[in-house]
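This report concerns only the one structure given below.
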Amino acid sequence: MLKKRIIPCLDIKDGATVKGVNFEDLKNAGDPVELARKYEKEGADELVFLDITATVENRKTFVELVKDIAKELSIPFTVGGGISSVEDVRKLLEAGADKISINSSAVRNPGLISDLANEFGSQCVVVAIDTKQVGDLDLVHVKGGREATELSTIEWAQQAARLGAGEILLTSMDGDGTKSGFDLRITKLVSETISIPVIASGGAGSTADFVKVFNDTKATGALAASIFHFNEVGIQDLKQQLKTQKINVR
C-alpha cells in the first residue's frame with residue numbers, strides 16, 4: 001500500500017511565489033526559498049516548483065532559483081515550466097531537481113515522455129495535466145491553462161502512462177484556488193484507469209478535502225498551495241488528522 005503524500009506547490013512568476021483562482025488573478029504568496037525551508041521543516045513529503053509563465057513567455061525555468069531552493073531540501077523536489085528537451089532536464093537535475101514536470105511540451109511532442117523516461121528513468125518524469133470540463137467533456141489545457149486542446153483528459157493520461165511517465169499531476173482548473181475541495185470525479189476517473197500514481201491538485205480548502213480525496217479516489221498524493229502558504233492548514237496537523245482517519249501517510 002503506497003503511503004499518501006502531502007505536497008505543497010510553489011507557483012513561480014518573476015521569481016516570486018504566486019497564487020490565483022482558476023489560473024487567474026495572481027497574488028504574491030511569498031519568497032520561494034523561505035517557503036521551501038518552511039515546508040522542509042514542517043514535514044512535507046515532496047515539493048513541486050512550477051514556473052507558470054515559462055511556456056507562455058517561451059523561456060527556460062529559473063535554473064539559479066532551482067539551485068537555491070534545492071539547497072534547502074532533503075525531500076523530493078519536482079520542477080516544471082518551459083521544459084522541452086533532454087538537455088533542459090539534465091540542467092535542472094544538475095541544479096538539484098529530483099523529478100521534472102512536463103505539460104504543454106508533452107502534448108506538443110508526446111515522444112518527449114519516452115525520450116526522458118529512457119534517458120533518466122520513469123521515476124523522474126511527471127506529466128502534468130491541466131484539465132477543465134467543457135460541456136460534457138474533460139479536456140486537456142496547455143500554456144498555463146490558457147489554451148484548450150481536443151485531447152480527452154483520460155485518454156491523454158493513459159497515453160502518458162504508456163509512453164513512460166512515472167506519475168500524473170492532475171490539476172482541475174475548475175477547482176484551482178477555489179478551496180471548494182478536490183475534483184473527486186475527474187481524480188477518481190483518472191486514478192482508476194491508469195496504474196501509475198496520480199497526484200490530485202486544485203481546490204484544497206480544508207483537512208476534510210484531503211480525507212475525501214484519499215478515501216474516495218486512488219490518488220496517492222494531494223497537492224495544495226494557498227492553504228499552506230497562508231498557514232490556513234498546517235502540514236503536521238493535517239498529517240495527524242489523516243492518521244486519525246486511518247489514512248496511511250508518511
Side-chain angles (χ1 to χ4, degrees), residues 5 7-9 11 18-26 48-56 78 80-83 99-110 112-113 125-205 209-210 212-214 216-227:
R5 294 168 290 156
I7 307 171
C9 179
D11 290 320
V18 294
K19 192 66 201 112
V21 177
N22 306 129
F23 283 42
E24 293 176 350
D25 299 326
L26 301 176
V48 170
F49 165 110
L50 300 174
D51 188 343
I52 58 172
T53 55
T55 303
V56 181
T78 301
I83 296 167
K99 300 189 263 191
I100 57 86
S101 166
I102 50 176
N103 185 337
S104 303
S105 59
V107 172
R108 259 196 325 272
N109 170 24
L112 179 63
I113 301 170
V125 183
V126 179
V127 172
I129 300 176
D130 294 334
T131 180
K132 189 172 189 178
Q133 202 167 5
V134 181
D136 295 333
L137 304 174
D138 294 299
L139 296 181
V140 175
H141 284 58
V142 293
K143 296 189 176 171
R146 288 169 179 79
E147 195 174 289
T149 71
E150 292 179 358
L151 273 179
S152 148
T153 298
I154 291 171
E155 286 170 15
W156 174 233
Q158 291 169 332
Q159 187 182 352
R162 280 196 304 273
L163 288 168
E167 62 187 339
I168 298 293
L169 169 54
L170 182 71
T171 300
S172 164
M173 291 175 62
D174 300 306
D176 176 69
T178 63
K179 300 185 187 172
S180 57
F182 292 100
D183 188 332
L184 300 177
R185 182 193 59 83
I186 190 64
T187 305
K188 186 173 165 62
L189 284 170
V190 172
S191 63
E192 286 180 357
T193 51
I194 57 175
S195 57
I196 61 174
V198 171
I199 300 166
S201 163
D209 294 334
F210 287 85
K212 268 195 191 125
V213 80
F214 289 140
D216 296 358
T217 80
K218 290 189 171 174
T220 61
L223 177 145
S226 49
I227 60 166

_With side chain to side chain donor-acceptor pair (under 3.5 Å) as the criterion, how do Ser172 and Asp183 come out once you've worked through the C-alpha distance, each side chain's angles and the decisive distance to 0.1 Å?_
CA-CA 6 Å; Ser172 164; Asp183 188 332; 3.3 Å; yes
*Apply side-chain contact (heavy atoms from CB on, under 4.5 Å) to His141 and Thr171, showing your working.*
CA-CA 10 Å; His141 284 58; Thr171 300; over 6 Å; no
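Scanning all heavy atoms of the two residues, the minimum distance from Ser101 to Leu50 falls at OG-CD2, 4.0 Å. Here the closest heavy-atom approach between residue Ile83 and residue Ser105 is recorded as O-OG, 2.6 Å. Among all heavy-atom pairs drawn from Phe182 and Ala200, the shortest one is CE2-O, 3.6 Å. A pairwise comparison of heavy atoms in Ala225 and Cys9 identifies CB-O, 3.6 Å as the closest pair. The minimum heavy-atom distance between Gly203 and Thr178, with the atom names listed, is CA-OG1, 4.1 Å. Residue Ile194 comes nearest to Ala161 through the heavy atom pair CG2-CB, 4.3 Å, listed as atom of the first residue, atom of the second, then distance.
Between Trp156 and Pro110, the closest side-chain pair of non-hydrogen atoms falls below 4.5 Å. Within the 4.5 Å cutoff, the side chain of Arg5 has heavy atoms near those of the Thr220 side chain. Looking at heavy atoms from C-beta onward, Ile199 lies in side-chain contact with Glu167 at the 4.5 angstrom threshold. Val190 places a side-chain heavy atom less than 4.5 Å from the side chain of Ile186.
In this structure a side-chain-to-backbone donor-acceptor pair under 3.5 Å is present from Ser191 to Lys218. In this structure, Thr217 contributes its side chain and Phe214 its backbone to no donor-acceptor pair below 3.5 Å. Proximity of a side-chain donor or acceptor of Thr153 to a complementary backbone N or O of Asp138 within less than 3.5 Å is detected. Judged by distance alone, the side chain of Ser104 and the main-chain N or O of Lys143 form a donor-acceptor pair under 3.5 Å. With Thr149 contributing its side chain and Val140 its backbone, the two residues share a donor-acceptor pair below 3.5 Å.
Within 6.0 Å of NZ in Lys99 there are more than 12 heavy atoms belonging to other residues, nucleotides or ligands. No more than 12 heavy atoms of other residues, nucleotides or ligands sit less than 6.0 Å from atom NZ of Lys212.
Summarising the geometry, atom CG belonging to Leu189 is positioned 11.0 Å from atom CG belonging to Leu184; distances are rounded to the nearest 0.5 Å. Summarising the geometry, atom CG belonging to Leu170 is positioned 11.0 Å from atom CG belonging to Leu223; distances are rounded to the nearest 0.5 Å. Distance check, rounded to the nearest 0.5 Å: CD of Gln158 to OG1 of Thr193 gives 4.5 Å. Atoms CG and NZ, on Leu137 and Lys132 in that order, are 13.5 Å from each other to the nearest 0.5 Å. Taking CG of Asp136 as the reference point, atom CG of Leu139 lies at 10.5 Å (rounded to 0.5 Å). Summarising the geometry, atom CD belonging to Glu147 is positioned 12.5 Å from atom CG belonging to Asp130; distances are rounded to the nearest 0.5 Å.
For the pairing with Asn103, the side chain to side chain contact (heavy atoms under 4.5 Å, CB included) check across Val127, Ile129, Val142, Leu169 returns one residue only, Val142.
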